[in-house]
Amino acid sequence: MKKCIGCDLGGTNLRAAIVNVESGDVLYQMSIPTLAREGHDAVMGRMADLFLQVIQSAGMQKDEIGSIGIGVPGVLDLENGETLFLPNLPGTWPHVPLRDTITRLTGLPTALLNDVRSITNGEWRFGAGRGVDTVAVFAIGTGIGGGLIVNGQLHLGIGGTGGELGHTMIDFNGPRCGCGNDGCLEAYASGPAIAAMGMKAVSQGRTTSIAELCDYDLNRITPKLIAKAAEAGDEIAKEIYEKAGFYLGIAAASICASIGPRRIIIGGGVAQAGELLLGPIRRTIRERVYVMPVEQVEVVQSQLSDNAGVIGVACWAALTNDRK
Ligand SMILES: [Zn+2]
């Protein structure tokens, strides 16, 4: 049985899991606060300690672990093993030699991968993407992350930057996106964008149960609350998910035309709305793609929830290490 460590470097928590990379099982895991304000050197020290600790707590020896994979929330230089821009971590970590530092501190070969590409790899190997060779993943939360599997391989592009599906443009004159561009999908269909549609409906005084559900406090409106209203039959709430699903479908239609995916996986917290969101995505791609057999493209919900990233990056580390 081959085991690797998969780590999720989050702005709030550091999570490390020992993963059986042949079955996708998480054998043991631990989580500690990132304490990102202490700076990258301190965080890397805590990461290395956590990895050694998780091996010990699982009752294993270091030589039973093949390698370590770290899922990183931002832009990386994969060739040099450095972080380039982590927008959610203080200091943004420009040119931090994360890979080699962890290798030096733990004595284990280490590989880096963007966090949503890690999720993509996990879902493809052991989740909703199993059995097909070309997959697109949209992970919808605070932002919209993405990832692509093309012809049976995780697509990387320049330095691993390929697959940012949340920044597919919906309207080049559209609202400003967090990335600096105008009109990206993320500005239309992320969790905050969906919540904003609910806030707008309530503040305009439209007749919707969202108002009662949030106790007339706009700050309490979340995608989850809107989904609850929609499931109870609220027309405005259903309309909001229709709209978000339409925008996602428009972006997905472009992906269908570019890579011909057999499956499109919708993940992240917002995907818990299920068919409310998946239905309109499916309808939109069927209506807006003519150049490939779009009726064969499946649109499904992710399956591995919180574990997709650590499983995916552990498998990535195993593969990267085998190639050396
Ligand atoms: Zn953008």
Side-chain angles (χ1 to χ4, degrees), residues 9-11 71-78 83-94 112-121 123 135-150 154-200 222-223 240-259 261 264-271 273 277 280-281 284-285 288-289 299 302 308-309:
L9 165 57
V72 183
V75 185
L76 300 168
D77 175 340
L78 286 187
T83 59
L84 292 180
F85 179 61
L86 311 188
N88 302 322
L89 293 183
T92 73
W93 294 43
L112 310 181
L113 191 63
N114 168 275
D115 57 350
V116 187
R117 252 69 84 194
S118 301
I119 291 171
T120 301
N121 198 42
E123 287 288 343
V135 176
V137 174
F138 291 88
I140 314 164
T142 313
I144 300 183
L148 299 169
I149 304 290
V150 179
L154 180 67
H155 173 72
L156 294 175
I158 300 174
T161 54
E164 289 290 347
L165 307 187
H167 305 279
T168 307
M169 270 183 279
I170 298 293
D171 174 357
F172 54 78
N173 288 319
R176 181 54 56 95
C177 175
C179 76
N181 183 31
D182 294 329
C184 298
L185 172 66
E186 183 171 292
Y188 290 87
S190 63
I194 292 171
M197 286 192 262
M199 292 174 193
K200 193 173 165 198
T222 60
I240 289 171
Y241 271 97
E242 278 288 329
K243 244 189 201 167
F246 169 74
Y247 292 128
L248 281 157
I250 290 294
S254 296
I255 306 303
C256 286
S258 35
I259 67 160
I264 294 173
I265 299 172
I266 311 296
V270 172
L277 195 61
I281 296 173
T284 307
I285 63 167
R288 304 304 292 250
V289 180
V299 179
S302 62

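In each ligand, atom 1 is the first atom listed, and ligand 1 is the first ligand listed. Since we're looking at a predicted model, the values are computed, not measured.
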*What are the protein N, O or S atoms, given as residue plus atom name, that sit under 2.8 Å from the Zn ion (ligand 1)?*
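Protein N/O/S atoms under 2.8 Å of the Zn ion (ligand 1): His167 ND1, Cys177 SG, Cys179 SG, Cys184 SG.
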*asked:* So if I apply the side-chain contact (heavy atoms from CB on, under 4.5 Å) rule between Leu185 and each of Leu248, Ile250, Ile140, which one comes out positive?
replied: Leu248
_Residue that, paired with Leu148, satisfies side-chain contact (heavy atoms from CB on, under 4.5 Å) out of Leu156, Val135, Val137, Ile255_ =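 Only one option passes, and that is Ile255.
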_I'd like to know if Arg176 pairs up with Glu186 as an ion pair, taking the criterion as any Lys NZ or Arg NE/NH1/NH2 lying under 4.0 Å from an Asp or Glu carboxylate oxygen._
no
*Whether Tyr241 side chain and Pro223 backbone form a donor-acceptor pair below 3.5 Å*: yes
*Where the side chain of Thr168 meets the backbone of Leu165, is there a donor-acceptor pair that is under 3.5 Å apart?*
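The answer is yes, because a donor-acceptor pair under 3.5 Å joins these two groups.
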_If you count every heavy atom of other residues, nucleotides or ligands that lies below 6.0 Å from Met199 atom CE, does the total exceed 12?_
yes
